[in-house]
Amino acid sequence: MAGAGNRIAGIDRGRLKAVAAREAKRFAAGRPKTRAALDKGAEPFLDAVPMHWMKDWPMPFPLLVAKARGARLTDLDGYEIDDFCLGDTGSMFGHSPAPVAKAIREQARNGLTYMLPTEAALEAGALLTERFGDFRWQIATTATDANRFAIRVARAVTGKSKVLVFNGCYHGTVDDAMVELRDGKTITRPGLTGQVTDLSTLAACAEFNDLAGVEALLKTGEIAAILTEPVMTNSCMVLPDPGFHDGLRKLATTYGALLIIDETHTVSSGLGGYTGVYGLAPDIFVVGKCVAGGMPTAVWGLRPKLAADYLRYNAGRPSGHSGMGTTLSANPMQFACLRANLAEVMTAKSYAHMEKGAARLCDGLAKVIAKHKAPWHVVRVGARVEFICAEGPLRNGTEAGAAHQPKVEATLHTALLNRGCLIAPFHNMMLVSPATRKRQIDRLIAAFDEILTELFA
């Protein structure tokens with residue numbers, strides 16, 4: 001087993017501990033300005049960070065970024081770092097793409113928010129349809145909001161109460177997705193802050209790639225919608241079995257449930273996201289994070305028939321708060337950035353560059369793993385690459401959860417950062433942007449090889 005005896009993921013535990021301590025010390029010793037700034041200015045924040053998950057990075061203390069451009073960060077101590085995290089997809093097209101930066105400058109002169117649409121909004125709507133298909137669009141600030149609103153629509157139109165999600169899924173902080181499968185039953189995920197509702201009354205959980213399990217839940221007649229990523233990305237990445245998405249579509253139709261596809265991470269797959277590349281047929285399409293080039297924006301769209309069904313429902317409901325929409329959503333800055341990103345950044349040419357670079361990265365990491373005979377594997381979805389410290393392939397959320405090796409991953413992340421390469425903190429995810437160069441990819445592969453050479457000596 002990966003963590004049995006004196007070895008973890010194939011690595012001697014004593015060696016891992018020594019390398020981890022050395023790399024943490026190296027990080028801290030090299031960043032006196034960052035440490036001093038944190039000591040002086042972090043106290044006003046809860047737990048010394050402006051967002052709690054900033055403490056989840058594996059370094060001894062947070063990195064303070066001075067600037068970012070393209071696929072590179074510069075920290076407060078002057079280190080230039082090749083960025084493969086890219087804001088965990090938020091900056092997948094690079095930091096401050098020129099057309100988006102220009103759009104921000106121009107819109108800033110004309111106001112930031114006024115609860116009314118603009119001509120850019122109309123142009124963005126047409127571009128959304130061109131990029132992702134025939135949907136009737138709405139704009140949110142985060143994919144969490146978009147998923148939450150999509151679920152409300154599904155319940156309204158179907159008259160059913162529950163959403164079906166997959167064990168280990170990622171859909172932001174939507175309450176309905178915060179469930180897991182344990183001993184065949186849906187339960188509220190442990191560890192949720194201030195949770196007072198039994199979320200199994202709102203959601204049902206199945207394993208990814210288990211169509212029989214999905215059908216059993218649909219047969220209850222309680223499921224308003226299936227909410228899924230095309231590829232599981234929250235833990236160790238899990239690819240769909242052949243025919244799985246076709247099966248979901250057929251089952252949803254058979255049992256009167258809607259199919260919601262959340263492309264917030266899998267938009268890395270190519271132009272049009274995984275849905276466009278592989279011809280999926282969702283009733284509702286959601287994408288956030290990078291869709292407006294890094295400006296906080298998400299979109300959700302309904303197929304025309306569903307949109308008509310929802311508008312009929314909406315016309316007949318009592319007046320009052322819908323529970324959908326936030327004041328700053330669909331603001332003119334979002335539309336300016338959305339238009340610029342869709343038209344000039346999220347292009348076939350960009351994706352071709354990203355695909356080629358990601359294939360180079362995936363192949364290089366796999367060769368390093370094979371060279372050191374590590375019991376690991378690599379997975380790729382378009383521009384998104386992930387090394388997993390366990391044998392694969394993985395088929396569901398339970399297997400993905402068991403494959404995580406937090407101590408190994410934390411050591412690797414800090415060691416890579418000390419060698420000028422940043423990857424995502426919560427898993428071993430890397431993205432290749434249109435601004436990422438071959439030399440950056442090769443530096444990451446070389447750093448990975450250097451670390452594994454020591455760990456597997």
Side-chain angles (χ1 to χ4, degrees), residues 68-70 86-87 89-146 149-150 261-277 284-304 307 325-354 382-383 431 433-435:
R69 183 64 58 85
L86 294 169
T89 311
S91 292
M92 188 180 77
F93 296 107
H95 296 288
S96 298
V100 176
K102 179 182 178 183
I104 290 171
R105 290 193 300 271
E106 293 178 351
Q107 183 59 49
R109 292 194 291 266
N110 296 314
L112 302 181
T113 187
Y114 25 80
M115 290 187 69
L116 289 166
T118 61
E119 189 175 22
L122 307 181
E123 295 169 4
L127 287 166
L128 284 169
T129 297
E130 181 182 320
R131 284 285 175 267
F132 299 117
D134 190 13
F135 296 92
R136 299 298 177 263
W137 299 101
Q138 289 282 274
I139 310 301
T141 301
T142 67
T144 292
D145 287 340
F149 303 156
I261 295 292
D262 180 0
E263 292 260 16
T264 297
H265 283 161
T266 55
V267 71
S268 67
S269 302
L271 201 63
Y274 198 100
T275 294
V277 172
I284 306 178
F285 179 93
V286 174
V287 63
K289 290 198 176 181
C290 65
V291 72
M295 174 62 62
T297 307
V299 301
W300 55 288
L302 312 180
R303 290 294 188 191
T326 56
T327 303
L328 296 180
S329 291
N331 68 65
M333 186 64 80
Q334 288 176 311
F335 282 119
C337 294
L338 192 58
R339 177 181 61 180
N341 196 60
L342 292 171
E344 301 180 63
V345 181
M346 187 186 283
T347 64
K349 181 179 180 181
S350 291
Y351 273 110
H353 176 92
M354 295 157 71
L431 285 163
S433 79

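- Q334 places a side-chain heavy atom less than 4.5 Å from the side chain of T141.
- Here the closest non-hydrogen pair linking G111 and P332 is O-CG, 4.1 Å.
- Applying the side chain to side chain contact (heavy atoms under 4.5 Å, CB included) rule to A68 yields the partners L73, H95; only residues at least two apart in sequence or on another chain are considered.
- Interatomic distance, CE of M333 versus OG1 of T118, reported as 11.0 Å (0.5 Å rounding).
- Rounding to the nearest 0.5 Å gives a distance of 8.0 Å between CG of L338 and CE of M346.
- Under the side chain to side chain donor-acceptor pair (under 3.5 Å) criterion, T275 pairs with E263, sequence neighbours left out.
- Shown here are the salt bridge (charged side-chain N to carboxylate O under 4.0 Å, His left out) partners of E123, two or more places apart in sequence or in another chain: R339.
- Of all the heavy atoms in W300 and V286, the pair that sits closest is CB-CG2, 3.9 Å.
- When all heavy atoms of L342 and A124 are compared, the closest pair comes out as CD1-O, 4.0 Å.
- Nearest heavy atoms, A146 versus A298: CB-CB, 4.2 Å.
- Legend: residues meeting side chain to side chain donor-acceptor pair (under 3.5 Å) with T264, ordered by chain and number and at least two apart, are D262.
- With rounding to the nearest 0.5 angstrom, the CG atom of N341 is 10.5 Å from the CG atom of L127.
- Every pair tested for salt bridge (charged side-chain N to carboxylate O under 4.0 Å, His left out) that includes a residue from residues 102-117 fails, sequence neighbours excluded, so the list is empty.
- The minimum heavy-atom distance between A121 and P117, with the atom names listed, is CB-CB, 4.4 Å.
- Between atom CD1 of residue I139 and atom CG of residue N331 there is a gap of 10.0 Å, rounded to the nearest 0.5 Å.
- Summarising the geometry, atom CZ belonging to F285 is positioned 6.5 Å from atom CZ belonging to F135; distances are rounded to the nearest 0.5 Å.
- Checked against side chain to side chain donor-acceptor pair (under 3.5 Å), T113 has no partners two or more places apart in sequence or in another chain.
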Could you pull out every donor-acceptor pair under 3.5 Å between side chains of residues 289-297 and any protein atom, sequence neighbours left out?
{"unit_1": "K289", "atom_1": "NZ", "unit_2": "D88", "atom_2": "O", "d": "2.9"}
{"unit_1": "K289", "atom_1": "NZ", "unit_2": "H265", "atom_2": "NE2", "d": "2.9"}
{"unit_1": "T297", "atom_1": "OG1", "unit_2": "M295", "atom_2": "O", "d": "3.0"}

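- How far CZ of F149 is from CG of L302: 12.5 Å, rounded to the nearest 0.5 Å.
- Sorted by first and then second residue, the salt bridge (charged side-chain N to carboxylate O under 4.0 Å, His left out) pairs involving residues 129-140 (not counting sequence neighbours) are D134-R136.
- In this structure, the side chain to side chain contact (heavy atoms under 4.5 Å, CB included) partners of S433, at least two apart in sequence or on a different chain, are A71, L86, A435, T436.
- In this view, T129 and W137 satisfy the side chain to side chain contact (heavy atoms under 4.5 Å, CB included) rule, not counting sequence neighbours.
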What's the verdict on side-chain contact (heavy atoms from CB on, under 4.5 Å) for S268 and T89, showing C-alpha distance, side-chain angles and the deciding distance? CA-CA 8 Å; S268 67; T89 311; over 6 Å; no
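- Closest heavy-atom contact between C337 and V100: SG-CG1, 3.9 Å.
- By the salt bridge (charged side-chain N to carboxylate O under 4.0 Å, His left out) test, R303 pairs with no residue at all, sequence neighbours left out.
- Side-chain contact between F93 and T347 is absent, with no heavy atoms from C-beta onward closer than 4.5 Å.
- Taking the side chain to side chain donor-acceptor pair (under 3.5 Å) definition, one finds that Q107 meets it with Y114, sequence neighbours left out.
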